[in-house]
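A short worksheet on the structure shown next.
Nothing here was measured: the structure is a model prediction, and the numbers come from that model.
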Amino acid sequence: MKSNRFFNRDVVSIKDFQRDELEFLFEKTDKMKKLNPKEKDELGKARIMGYLFYEPSTRTRMSFEAAMASIGGSSIGISDLKSSSIEKGESLQDTVHVMDLYSDLIILRHQLDGSSKFAAEISEHPIINGGSGSEEHPTQAMLDLYTILKEKKKIDGLKIIILGDLKYGRTIYSLLYGLANYDVEIILVSPPTLQIRQESIYGLKNKMKIVELVEMDETIIKNSDILYVTRIQKERFSDPQEYEKVKGTYTIDSNMLKKFKPDISIMHPLPRMDEISRDLDNTNNAVYFKQASYGKDLRSALLALILNESPL
Ligand code: NCD
């Protein structure tokens with residue numbers, strides 16, 4: 001058996017994980033799904049997952065909690081800042097320090113870039129980045145890659161459109177860093193004011209083909225295998241008028257869908273606003289809710305691997 005390089009490890013950036021490590025995690029996720037509840041229970045028994053969510057969350061927090069419960073562990077945490085001492089002005093440093101005393105690993109979501117890296121320096125126990133500013137969301141990218149693999153049976157050779165707020169969307173940065181391990185073609189499509197931050201993808205263009213557009217064209221639409229859509233990150237705009245200008249500028253609906261390859265997979269990290277019309281939800285192309293479900297599976301495997309030296 002390959003050694004478990006996830007044991008006791010922080011998950012701050014997906015850049016820290018090589019392709020063979022990601023593939024190890026995907027194999028273990030498949031294996032996790034086959035275990036019976038009793039076998040799973042052994043993996044997290046008497047262990048505590050702490051979570052600190054300084055920003056709103058539905059899927060990340062709930063799927064981590066569900067994942068921890070599914071391996072027999074329990075969770076404690078803060079998601080309502082008003083009911084904690086953060087409201088009184090307690091620093092991130094002290095809050096992480098205390099959570100570290102009470103738990104075996106910590107999931108952190110915070111509005112600042114670098115917050116998870118900072119927390120990992122303070123905490124004795126592993127830190128999992130559940131979203132750091134507009135910088136990264138590594139476990140979302142892990143589950144996105146796993147979803148692509150499940151849907152398309154491969155990642156190499158695919159053409160992937162990433163559409164939306166590429167300036168502030170942290171999930172797409174982690175996704176791009178993760179995809180850089182594979183032989184893929186990327187088409188980035190965003191309104192001109194929401195284009196990718198060049199400094200954050202520095203070096204990626206040597207690793208894979210990246211095309212940047214402000215609108216999709218016929219050839220791209222016809223040839224792509226995946227359409228990954230993101231919402232406009234309203235909360236990160238310093239000027240609300242700038243948000244008003246781009247709001248509602250792209251929507252994928254059933255008319256638009258007809259123009260794509262019949263088997264295109266449409267992904268979205270969720271929450272969705274108006275960028276994917278609800279009439280796509282019951283099509284075979286809509287993968288976004290499956291993605292949320294895979295998220296729980298992958299996070300169960302990730303927690304088991306971090307908490308146990310040879311778990312699965
Ligand atoms: C994303 C996030 O928080 O970055 N949500 C998630 O974890 N699935 C995406 C978003 O908020 O748009």
Side-chain angles (χ1 to χ4, degrees), residues 14 22-23 25-30 32-33 57-60 62-64 66-67 131 137-166 169-179 181-190 216 220-233 250-302:
I14 196 165
L22 295 172
E23 281 166 2
L25 174 64
F26 304 152
E27 272 168 41
K28 298 300 178 191
T29 304
D30 287 338
M32 177 64 95
K33 288 199 269 188
S57 169
T58 298
R59 274 148 295 271
T60 304
M62 291 204 306
S63 65
F64 264 117
H137 191 347
T139 65
Q140 178 70 41
M142 289 170 177
L143 77 89
D144 290 342
L145 294 173
Y146 182 72
T147 304
I148 297 175
L149 196 60
K150 291 287 114 182
E151 292 301 303
K152 299 292 181 201
K153 312 288 170 235
K154 60 172 189 177
I155 300 179
D156 284 320
L158 296 179
K159 287 193 175 55
I160 303 171
I161 306 174
I162 306 183
L163 167 71
D165 180 349
L166 309 184
R170 57 190 169 205
T171 66
I172 65 110
Y173 286 90
S174 292
L175 180 59
L176 285 171
Y177 304 145
L179 284 170
N181 292 294
Y182 296 86
D183 176 20
V184 288
E185 234 183 279
I186 307 289
I187 305 104
L188 301 175
V189 187
S190 62
M216 278 190 263
I220 281 163
I221 290 178
K222 273 197 215 128
N223 293 324
S224 299
D225 305 290
I226 309 266
L227 172 63
Y228 190 100
V229 189
T230 64
R231 105 188 137 89
I232 298 182
Q233 309 281 302
Y250 54 92
T251 304
I252 306 297
D253 57 17
S254 48
N255 275 334
M256 182 85 186
L257 180 64
K258 288 183 202 137
K259 301 181 187 161
F260 287 95
K261 267 192 185 176
D263 68 342
I264 187 146
S265 299
I266 302 181
M267 298 175 64
H268 193 305
L270 302 176
R272 128 183 84 177
M273 302 295 113
D274 53 7
E275 49 301 328
I276 298 181
S277 159
R278 263 159 245 286
D279 55 3
L280 298 195
D281 292 2
N282 293 325
T283 65
N284 289 331
N285 307 91
V287 175
Y288 29 94
F289 289 111
K290 263 197 202 171
Q291 212 177 324
S293 165
Y294 288 140
K296 186 200 147 198
D297 301 330
L298 181 127
R299 286 172 172 137
S300 313
L302 181 65

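Between Asp225 and Lys154 there is no salt bridge, since none of the side-chain N atoms of the basic residue sits less than 4.0 Å from a carboxylate O of the acidic one. Checked for salt-bridge contact, Lys159 and Glu185 meet the test: a charged N lies under 4.0 Å from a carboxylate O.
In this structure the side chain of Arg59 reaches within 4.5 angstrom of the side chain of Pro271, judged on heavy atoms. Taking the side chain as every heavy atom from C-beta outward, Met216 and Ile252 approach each other to under 4.5 Å. At least one side-chain heavy atom of Ile14 sits less than 4.5 Å from a side-chain heavy atom of Leu22. Within the 4.5 Å cutoff, the side chain of Met267 has no heavy atoms near those of the Glu151 side chain. You'll find the side chain of Asp165 stays beyond 4.5 Å of the side chain of Ser190, heavy atoms only. Residues Gln140 and Arg170 are not in side-chain contact: their nearest non-hydrogen atoms beyond the backbone lie 4.5 Å or more apart. Under the 4.5 Å side-chain criterion, counting only non-hydrogen atoms from C-beta, Leu298 is in contact with Phe26. Between Ile232 and Met273 the shortest side-chain heavy-atom distance does not fall below 4.5 Å.
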_Quick one, Ile160 with Leu175, criterion side-chain contact (heavy atoms from CB on, under 4.5 Å). Give me CA distance, side-chain angles, the key distance, then yes/no._
CA-CA 11 Å; Ile160 303 171; Leu175 180 59; 5.6 Å; no

_Criterion side-chain contact (heavy atoms from CB on, under 4.5 Å) on Leu149 and Glu23, from CA distance to verdict_ = CA-CA 10 Å; Leu149 196 60; Glu23 281 166 2; 5.8 Å; no

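No option in Thr29, Asp30, Asp297 other than Asp30 meets the side-chain hydrogen bond (donor to acceptor under 3.5 Å, both in side chains) test with Tyr146.
Rounded to the nearest 0.5 Å, atoms CG (Asn284) and CD1 (Ile266) are 11.0 Å apart. We find the CG-CD1 distance between Leu179 and Ile172 to be 10.5 Å, quoted to the nearest 0.5 Å.
Residues passing the side chain to side chain donor-acceptor pair (under 3.5 Å) test with Thr60, sequence neighbours excluded: Arg109, His137.
Contact detail for Met32 and Ser300: the closest heavy-atom pair is CE-O, 3.4 Å. Pairing each heavy atom of Ile155 with each of Leu145, the nearest pair is CD1-O, 3.6 Å. Val287 approaches Ser265 most closely through the heavy-atom pair CG2-CB, 3.8 Å. Among all heavy-atom pairs drawn from Gln291 and Tyr228, the shortest one is NE2-CE1, 3.8 Å. Here the closest non-hydrogen pair linking Gly164 and Thr230 is CA-OG1, 3.6 Å. A pairwise comparison of heavy atoms in Ile161 and Val189 identifies CG2-CG2, 3.8 Å as the closest pair.
Within the structure, no pair that satisfies the ring pair (Phe, Tyr, Trp, His ring centres under 6.0 Å) test touches residues 252-291, not counting sequence neighbours.
No donor-acceptor pair under 3.5 Å is formed between the side chain of Asp183 and the backbone N or O of Asp156. Side-chain N or O atoms of Tyr173 include one that pairs as donor or acceptor with a backbone N or O of Leu166 at under 3.5 Å.
Shown here is Asp263, whose CG atom has more than 12 heavy atoms of other residues, nucleotides or ligands within 6.0 Å. In this structure, Asp281 places its CG atom where more than 12 heavy-atom neighbours from other residues, nucleotides or ligands lie under 6.0 Å away.
At a cut-off of 3.5 Å, with distance as the only test, a side-chain donor of Asp279 or Ser277 sits close to an acceptor on the other residue.
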